[in-house]
Amino acid sequence: MRTTNYDLLIVGAGVSGLVTAKHALQAGLSVLIIEASSKVGGVWAFDPDKPGGVMYSTRINVSKYNYAFAGFPFPEEVSDFPDHREVLAYIEAYTIEYAINKHIVFNTEVTRLEQSNSGNWIVNGRSSPGNSEQCWTAHSVAIASGHHRTPLWPKVPGLENFKGRVLHSSQYKGNQYCFPVADKSALIIGFGNSGVDVACDIAAKAASVVISTRSGAWVLPNYIFGYPADLYAARVLKWLPWQWTSNAYEKAIIAATGNPVRWGLRPAHKALRSHPTVGGRLISLLQSKQIRIAGGVQRVTEYGVVFDDGSTYKADMLIFCTGYRIDFPFLSDKIRDVVFGATDNQVNLYMNMFSPQIGASLAFIGLVQPDTGGLLPVSEMQARWLVNLHQKRVKLPSSKVMQQRINKDMEYRRKRYVNSPRHTIQCNTIAYNDEVAAWIDSSALRYRSPKFLFRLIFGTGGVDQWTNHRTKDIDQRIQNVPVPAAMKGLGWFVLSAGLMITVTGLTLIVSFIV
Ligand SMILES: NC(=O)C1=CN([C@@H]2O[C@H](COP(=O)(O)OP(=O)(O)OC[C@H]3O[C@@H](n4cnc5c(N)ncnc54)[C@H](OP(=O)(O)O)[C@@H]3O)[C@@H](O)[C@H]2O)C=CC1
Ligand SMILES: CCCCCC(=O)CC
């Protein structure tokens with residue numbers, strides 16, 4: 001066993017861990033990443049033999065403009081929605097570009113994390129092969145091991161009697177990898193993005209595929225009026241009541257793909273109250289009746305299920321696409337007690353990052369579910385904030401103020417999103433990043449030109465907008481992020497209406513005075 005001391009120890013070499021390492025290394029910190037697998041990439045490193053991560057046919061459902069490292073765009077030839085091989089190649093290229101690899105210890109699982117009386121962190125790990133025990137100490141720790149590791153298995157009456165196959169989506173790697181699916185009937189339980197991806201993948205071979213959902217969903221096509229859907233989540237929306245956005249978004253979905261009721265989707269909530277389900281391919285498979293939608297499962301029988309409305313379905317396999325539980329098994333009980341909230345998936349963390357009781361020396365990076373857009377730019381802003389804290393350029397508020405903010409955010413989420421364990425870490429990417437950027441003096445809305453400002457208000461601005469120094473290159477990258485025609489139209493409408501109101505107001509004032 002050896003002990004080495006670092007400024008920052010990072011758990012996990014997925015996108016959140018790598019971007020944290022990049023910024024910490026650039027700031028001159030001594031850094032070590034501990035990674036359980038043999039590769040970088042986290043969920044993007046496809047492995048048919050291990051549970052978790054992408055499956056063979058996964059394509060990201062957020063466009064490359066909003067899911068990328070700042071200053072490091074995806075290659076031009078890659079499509080708007082890269083597949084997992086392209087995402088992994090991109091992550092590997094980033095790791096090489098910033099020489100991060102030599103700071104990673106692979107094949108090592110963090111087994112325990114605790115804080116010593118001196119405030120330093122003690123991290124234990126087990127390396128394979130050989131099961132050798134390791135120990136490191138660090139001034140700070142960043143946990144970037146993701147929140148899609150521990151499958152959530154709901155309790156369904158009668159499941160123990162089922163004679164067919166049962167899987168969780170985290171075990172499903174593609175119709176060519178699991179048991180034979182040709183000519184079989186599959187029931188997919190859960191209608192998030194895993195449910196959609198698994199249903200579409202299995203529908204290519206199975207005889208019949210049904211998705212069971214208790215809440216339905218507004219299914220978003222990948223493109224709306226020719227632009228990736230996430231490009232509609234512009235900055236202006238954070239200043240509008242979310243109900244307006246939700247109404248507009250429902251109209252856009254209906255215009256693009258038809259009324260969801262027609263395809264049996266029966267959304268139980270207004271659009272954008274639950275995490276977006278994206279499924280351009282799904283809509284056409286519903287239209288051709290290769291996939292059907294059913295209600296919740298009341299109980300499982302030996303050979304199938306009974307739905308809530310009493311109808312039945314004979315199934316050879318049940319695939320639970322019911323999401324994940326937030327879990328960090330290596331945390332000591334003491335840390336666990338302060339990090340987790342009272343209810344399922346609730347975390348008691350300021351800006352989803354810091355415990356008021358622990359402070360800045362333990363950070364969670366990427367423990368966020370963006371309600372629109374992608375996680376990566378949020379992780380990058382968190383990483384930059386962490387480094388700024390480390391360099392003492394900024395500091396955290398008092399623990400009382402942090403706790404007040406946590407309570408306020410929890411209250412907001414309870415009202416804004418469906419109040420369920422699925423939406424406990426939901427946040428708006430642009431609003432979150434704008435707030436952190438202001439603290440570290442890196443606001444996106446720095447004046448460059450009226451055209452530029454228009455783009456940053458009525459477009460999403462992409463991942464480069466919060467960089468410290470604006471160079472011509474960066475301005476160009478921000479300008480390369482498309483602004484959908486409808487958002488430009490909205491922009492011109494707002495400007496014209498503003499101008500008309502101002503002119504009318506001035507005319508009235510002048511006529512009153514004269
Ligand atoms: N291609 C891509 O980019 C992909 C991205 N992802 C991302 O990974 C994350 C995880 O997605 P996913 O695995 O779909 O998980 P989610 O948590 O997003 O969805 C879980 C689904 O399971 C349902 N569910 C949960 N508990 C129960 C229960 N007890 N009984 C019945 N239904 C239940 C939920 O329904 P309800 O709403 O009623 O609670 C919901 O439909 C998301 O951020 C997603 O966007 C996932 C797959 C592919
Ligand atoms: C109002 C815009 C919705 C964008 C949805 C999204 O980001 C899907 C990944």
Side-chain angles (χ1 to χ4, degrees), residues 14-15 42-44 46 51-64 66-67 80-84 86-87 146-157 159 167-174 187-201 211-220 222 228-230 265-269 273-282 293-300 305 307-308 318-326 344-345 366-376 378 417-427 429:
V15 290
V43 293
W44 293 108
F46 174 69
V54 290
M55 60 183 189
Y56 188 75
S57 61
T58 302
R59 243 173 215 284
I60 188 163
N61 59 25
V62 176
S63 76
K64 65 177 181 179
N66 285 323
Y67 190 96
D80 288 339
F81 298 100
D83 76 11
H84 67 85
E86 292 167 324
V87 178
H147 49 98
H148 297 136
R149 304 189 97 219
T150 307
L152 192 145
W153 288 95
K155 287 193 178 65
V156 187
L159 185 59
L167 281 189
H168 185 269
S169 58
S170 57
Q171 298 163 303
Y172 181 90
K173 294 302 173 117
L187 182 73
I188 313 296
I189 300 173
F191 198 14
N193 290 307
S194 297
V196 167
D197 280 6
V198 172
C200 293
D201 187 80
I211 299 177
S212 156
T213 168
R214 56 187 184 181
S215 330
W218 284 91
V219 175
L220 185 67
N222 294 67
D230 54 284
L265 299 168
R266 294 173 288 115
H269 314 285
R273 282 208 72 212
S274 58
H275 186 60
T277 297
V278 185
R281 260 172 79 211
L282 176 78
I293 306 287
V297 172
Q298 185 201 90
R299 66 192 161 86
V300 177
V305 297
F307 294 114
D308 286 336
L318 307 181
I319 306 179
F320 283 86
C321 299
T322 39
Y324 297 83
R325 234 166 20 84
I326 300 173
D344 256 5
N345 273 359
L367 186 50
V368 163
Q369 180 151 265
D371 69 358
T372 50
L375 172 70
L376 212 170
V378 176
Y417 305 104
V418 176
N419 185 9
S420 76
R422 194 179 171 206
H423 300 107
T424 51
I425 56 168
Q426 209 76 359
C427 81
T429 313

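Note: hydrogens, waters and symmetry copies are ignored here, and every other heavy atom, side chains too, is used. Throughout, numbering of the chain's residues begins at 1 and tracks the sequence. First listed ligand is number 1; within each ligand, the first listed atom is number 1. Model, not experiment: these values are computed from the prediction.
Heavy-atom proximity to atom 3 (O) of ligand 1, evaluated over Asn61, Val54, Asn345, is greatest for Asn61. For atom 5 (C) of ligand 1, the candidate residues are Asn193, Val87, Leu152, Ile60; the nearest heavy-atom contact is made by Asn193. Of all the listed residues (Pro267, Cys321, Gly146), Cys321 holds the heavy atom that lies closest to atom 21 (C) of ligand 1. The heavy atom nearest to atom 13 (O) of ligand 1, considering only Pro421, Ser194, Gly374, Ser212, is found in Ser194.
The side chain to side chain donor-acceptor pair (under 3.5 Å) search around Ser169 returns none, not counting sequence neighbours. Residues passing the side chain to side chain donor-acceptor pair (under 3.5 Å) test with His275, sequence neighbours excluded: Gln426.
Scanning both residues, Asp197 and Met55, for their nearest heavy atoms gives O-CE, 3.1 Å.
Residue contacts with ligand 1 for His275 involve side-chain atoms from C-beta outward but no N, CA, C or O (heavy atoms, distance under 4.0 Å).
At most 12 non-hydrogen atoms from other residues, nucleotides or ligands lie less than 6.0 angstrom from CZ of Arg149.
Polar contact check, Ser169 against ligand 1: no nitrogen or oxygen pair lies under 3.5 Å apart. At under 3.5 Å, not a single nitrogen or oxygen of Ser420, backbone or side chain, sits near a nitrogen or oxygen of ligand 1.
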When you look at Thr424 and Ile326, which way does the side chain to side chain contact (heavy atoms under 4.5 Å, CB included) test go after all the steps? CA-CA 10 Å; Thr424 51; Ile326 300 173; 4.2 Å; yes
